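Everything quoted here is computed from the prediction, not taken from an experiment. Here is how names work: the chains are called A, B, and so on, in the same order as the sequence lines, proteins then strands, and each is numbered from 1.
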There are 2 protein chains.
Amino acid sequence: MEEYTHVFKTLSDPTRLRIFRLLLDAGKELCVCELVDSLEEPQYNVSKHVTAMRAAGLLKSRKEGRWVYYSPRVADGEFLELLSLAVAAIPERHVKHDRAKLRKRLKLREGGKCLTGVRKEHLLGKVSS
Amino acid sequence: MEEYTHVFKTLSDPTRLRIFRLLLDAGKELCVCELVDSLEEPQYNVSKHVTAMRAAGLLKSRKEGRWVYYSPRVADGEFLELLSLAVAAIPERHVKHDRAKLRKRLKLREGGKCLTGVRKEHLLGKVSS
DNA sequence: TGCTTAGTTGCGCATAGACGCATATATAAT
DNA sequence: ATTATATATGCGTCTATGCGCAACTAAGCA
């Protein structure tokens with residue numbers, strides 16, 4: 001069962017759960033700096049968390065230049081699929097703030113690609129939605 | 001999100017995950033001693049774990065005489081429902097042993113009720129199925 | 001009124017994990 | 001080459017948690 005308890009342990013941290021939900025909602029791969037600006041958590045923490053999530057089989061990563069894009073790895077078997085549905089069913093009010101931050105941050109993309117690093121919240125402006 | 005991370009943390013322990021799955025599969029409430037004999041874990045540990053799971057909203061309990069029966073509390077919202085489906089989707093081979101033990105143990109019931117405490121595995125015989 | 005039994009709980013220990021800080025790696029730009 | 005930037009990682013610390021043991025509660029029975 002350790003394979004499965006490991007997945008649950010990975011989702012038992014607030015930052016990691018927020019990351020997973022944000023990636024599920026985004027519908028596209030996100031790079032670390034976009035996650036940092038959306039969650040307003042330190043870069044080294046986000047990096048550690050996504051690394052752990054990848055090890056647990058929850059995320060996959062793709063490197064492009066200096067950037068590393070992460071996305072949910074919902075492939076093998078019903079378990080992960082149903083688990084993702086459960087996470088996606090967490091009521092919206094819990095993820096509203098992160099999603100609004102992400103929306104603003106994604107406007108900095110050009111040609112669908114991330115071209116800048118962490119821009120901190122004061123450069124992104126307050127969340128209005 | 002703490003409400004949800006708490007649920008994941010609760011399922012991140014092997015014994016607790018086994019308890020949850022066993023209760024989902026059983027389709028009926030089980031008392032602590034039946035869980036102890038099925039899982040072959042110390043009674044005080046099982047007791048602590050089900051208490052934690054109840055606090056996390058995963059189980060409900062019902063006291064009848066000296067016995068306390070536990071069952072999944074899959075009531076409010078899609079989240080728990082989908083999460084239960086995910087746990088139920090964990091491949092059978094991981095839960096086979098526990099289920100076989102439970103089958104044997106349930107034979108000690110009379111009139112659908114548990115009438116004895118922990119009976120240890122040597123009184124239950126080896127799992128044949 | 002005790003005794004037995006099913007279950008719970010408090011304590012101490014040992015381990016695991018999350019954070020902050022500093023530093024390292026790797027790729028690109030000048 | 002050197003510098004800047006995106007991401008990763010090693011280390012020390014602090015907290016959380018699972019376990020074993022022992023004591024406790026509560027319900028039934030002699």
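- The distance between atom NZ of Lys9(B) and atom P of dG17(C), rounded to the nearest whole Å, is 10 Å.
- The local environment of CD in Glu78(B) is sparse, with at most 12 non-hydrogen atoms from other residues, nucleotides or ligands closer than 6.0 Å.
- When each of Leu115(B) and Glu41(A) is assigned the nucleotide of DNA chain C with its nearest heavy atom, Leu115(B) is the one assigned upstream, toward the 5' end.
- Atom OG1 of Thr10(A) sits about 9.5 Å away from atom CG of Leu59(A), to the nearest 0.5 Å.
- Protein atom NE2 of His49(B) is 15 Å distant from nucleotide atom C1' of dG7(C), rounded to whole Å.
- The distance between atom CZ of Arg62(A) and atom P of dA8(D), rounded to the nearest whole Å, is 14 Å.
- Residue-level contact check: Arg16(B) touches the backbone only, with heavy atoms under 4.0 Å from sugar-phosphate atoms and none from bases.
- A donor-acceptor contact under 3.5 angstrom links the side chains of Glu40(B) and His97(B), judged on distance only.
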Q. Please walk me through it: do Glu34(B) and Arg109(B) pass salt bridge (charged side-chain N to carboxylate O under 4.0 Å, His left out)?
A. CA-CA 10 Å; Glu34(B) 290 170 333; Arg109(B) 281 199 183 189; 2.7 Å; yes
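- Summarising the geometry, atom OG belonging to Ser71(A) is positioned 8.5 Å from atom CG belonging to Leu30(A); distances are rounded to the nearest 0.5 Å.
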Q. In B/S/- notation, 5' to 3', how is nucleotides 25-30 of chain D contacted by protein heavy atoms closer than 4.0 Å?
A. -SBS--
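- Atom CD in Glu2(B) sits roughly 14 Å away from atom C1' in dA18(C) (whole-Å rounding).
- Note on ring orientation: taking the six-membered ring where Trp is involved, the planes of Phe8(A) and Phe8(B) are parallel (angle under 30°, cut-offs 30° and 60°).
- Straight-line distance from the CD atom of Glu34(A) to the C1' atom of dT5(D): 15 Å, rounded to whole Å.
- Here the C1' atom of nucleotide dA6(D) and the OH atom of Tyr69(A) are 11 Å apart, to the nearest Å.
- Taking all atoms of both residues into account, the shortest heavy-atom contact from Lys9(A) to Arg16(A) is O-NH2, 3.5 Å.
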Q | Stepwise salt bridge (charged side-chain N to carboxylate O under 4.0 Å, His left out) test for Asp25(A) and Arg99(A) | A | CA-CA 8 Å; Asp25(A) 285 353; Arg99(A) 268 213 311 240; 2.7 Å; yes
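- Distance Glu40(B) CD to dC19(D) C1': 18 Å, rounded to the nearest Å.
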Q: Between protein and nucleotides 8-15 of chain C, map the contacts as a letter string: B base, S sugar-phosphate only, - none, heavy atoms under 4.0 Å, written 5' to 3'.
A: BBBB----
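- The shortest side-chain heavy-atom distance between Leu83(B) and Leu11(B) falls under the 4.5 Å cut-off.
- The separation between Leu17(B) atom CG and dG18(D) atom P is 13 Å, rounded to whole Å.
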